[in-house]
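Residue numbering restarts at 1 for every chain, and letters A, B, ... go by the order of the sequence lines. Worth knowing before you read on, the calculation uses all heavy atoms, side chains too, and leaves out hydrogens, waters and symmetry mates.
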There are 2 protein chains.
Amino acid sequence: MAQIQLERLEGSPFAADPGLLLARANADSIAATNAALASFGLRVRSYAVLAAAASATRPTQRELAEFLRLDPSQVVALVDELERRGLVRREVDPADRRANAIVATADGAALSARANAAIAEARERRLAALAPEELAALTELLARIVNRERSNSQ
Amino acid sequence: MAQIQLERLEGSPFAADPGLLLARANADSIAATNAALASFGLRVRSYAVLAAAASATRPTQRELAEFLRLDPSQVVALVDELERRGLVRREVDPADRRANAIVATADGAALSARANAAIAEARERRLAALAPEELAALTELLARIVNRERSNSQ
DNA sequence: TATTGTTATACTCTATAACTATA
DNA sequence: TATAGTTATAGAGTATAACAATA
């Protein structure tokens, strides 16, 4: 008795709040992605840094912080760990010796690729309810609201 | 020199990862929503519980936990605080005296309505780049991936 | 003077286990 | 036996301030 009936809540108008939906979708995504990454010794945040390092864009730590919505001090800790494991390197920018470009080692690039495949497979299973073009539409809309003028931030 | 150039990162293929986009969009949403809620003494999580309580769906704490992707013990703390402030009540279910229905008081319902208006206004400003039908499409897609069989979870 | 990375610290959020009272 | 709520605790994630090196 008194078994859980989420339909009542999900049918309620407040359940359609975009921010709430985003939070719930992200919580599901993080849980599933962390599970998919566990065997690689990665979590969503360390994977994000590793994938960025493997992207050949040579981001600085500051750029990683802005892009991933992390504090610069968090990037220090994440890069420290990946560097200690030999997955990324800090390369001092000759043009600005304060800045470190974060680049993946060969090992790091290989691990990033395997982790990315695992994440993609988990996502396909999890989002099977969406047609490919619906997932593409969702991705494009998210990119639109995320890749905006950062100067608009508070 | 070495000024931040996010375009490189945002143009990279890994930046189109749906999970990463979701995480970034959610981080932005939480920051903006918390700012909009600050003057009400609420944060995203306490607002979510209050709004659910004001929705006339009479959720139990267990239902709130499942719906909001919170641990039941977190719901205890959030309801405690809202109850202490006179915004919600715990009503014991006569049919199952273990279960508490969480319902908003008149004060709680009024605050929820004001907070909701502030959130909506902040969202409109923040997501002005999206046409109304695009926001509707985004909301609908998020609802599709969130309101699914919970039994599929790991 | 301003910025990059760093350290230290505190705070918020999340996850786990054990307990009680009811079923 | 199982479930709703509770307590306690630890771990992960986030935010702030101050500092050294460099611009």
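For DNA chain D, none of the residues of residues 77-85 of chain B falls under the heavy-atom distance limit of 4.0 Å. For DNA chain D, the residues of residues 43-56 of chain A within the heavy-atom distance limit of 4.0 Å (strictly under) are A:Arg43, A:Arg45, sorted by number.
Atom pair B:Leu70:CG and D:dA4:P shows a separation of 16 Å (rounding to whole Å applied). To the nearest angstrom, P of C:dT22 lies 10 Å from CZ of B:Arg98. Nucleotide D:dT3 holds its C1' atom 12 Å from the CD atom of B:Glu66, rounded to whole Å. At whole-Å resolution of the value, CG in B:Asp93 and P in D:dA4 are 11 Å apart. Distance B:Asn26 CG to C:dC13 P: 12 Å, rounded to the nearest Å. Whole-Å rounding puts the B:Arg90 CZ to C:dA21 C1' distance at 15 Å. Following rounding to the nearest Å, A:Leu68 (CG) and D:dG13 (P) show an atom-to-atom distance of 13 Å. Here the C1' atom of nucleotide D:dA4 and the CD1 atom of B:Ile102 are 11 Å apart, to the nearest Å.
Under the side chain to side chain donor-acceptor pair (under 3.5 Å) criterion, A:Arg8 pairs with B:Glu63, not counting sequence neighbours. The ring-ring contact (aromatic ring centres under 6.0 Å, His included) check on A:Phe67 picks up B:Phe14, with sequence neighbours excluded. With sequence neighbours left out, the salt bridge (charged side-chain N to carboxylate O under 4.0 Å, His left out) criterion links B:Arg123 to A:Asp17. In terms of the side-chain contact (heavy atoms from CB on, under 4.5 Å) criterion, A:Ala106 has no residue partners (sequence neighbours excluded). With sequence neighbours excluded, the residues satisfying side chain to side chain donor-acceptor pair (under 3.5 Å) with B:Ser73 are B:Asp71. Under the side chain to side chain donor-acceptor pair (under 3.5 Å) criterion, A:Arg58 pairs with A:Glu91, sequence neighbours left out.
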Kindly give the atom pairs (protein nitrogen or oxygen, nucleotide nitrogen or oxygen) under 3.5 Å for nucleotides 15-20 of chain C.
from	atom 1	to	atom 2	distance (Å)
C:dT16	O4	B:Ser73	OG	3.2

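Legend: ring-ring contact (aromatic ring centres under 6.0 Å, His included) pairs involving residues 28-56 of chain A, not counting sequence neighbours: none detected. The ring-ring contact (aromatic ring centres under 6.0 Å, His included) contacts involving residues 120-147 of chain B comprise nothing, where partners must be two or more places apart or lie in separate chains.
In this structure, the nucleotide among D:dT6, C:dT6, C:dA23 sitting nearest to the side chain of B:Asp96 is C:dA23. In the set C:dT6, D:dG5, C:dT22, D:dG5 carries the atom at the smallest distance from any side-chain atom of B:Gln61. With distances taken from any side-chain atom of B:Thr60 to the nucleotides C:dT22, D:dG5, D:dT22, the minimum falls on D:dG5. Counting only heavy atoms from C-beta on, A:Arg62 has its side chain closest to C:dT4 among D:dG5, D:dA23, C:dT4.
Other residues sharing a hydrophobic cluster with B:Ile30 under the 4.5 Å side-chain heavy-atom criterion for ILVMFWY residues are B:Val44.
Note on B:Arg125 versus B:Glu121: salt bridge recorded, some NZ/NE/NH1/NH2 to OD/OE distance being below 4.0 Å. Between A:Arg24 and A:Glu10 there is a salt bridge, since a side-chain N of the basic residue sits under 4.0 Å from a carboxylate O of the acidic one.
Of the listed residues (B:Thr33, B:Val49, B:Leu111, B:Ile119), just one forms a side-chain contact (heavy atoms from CB on, under 4.5 Å) with B:Leu42, and that residue is B:Leu111.
Backbone-only contact: A:Arg97 has heavy atoms under 4.0 Å from sugar-phosphate atoms and none from a base.
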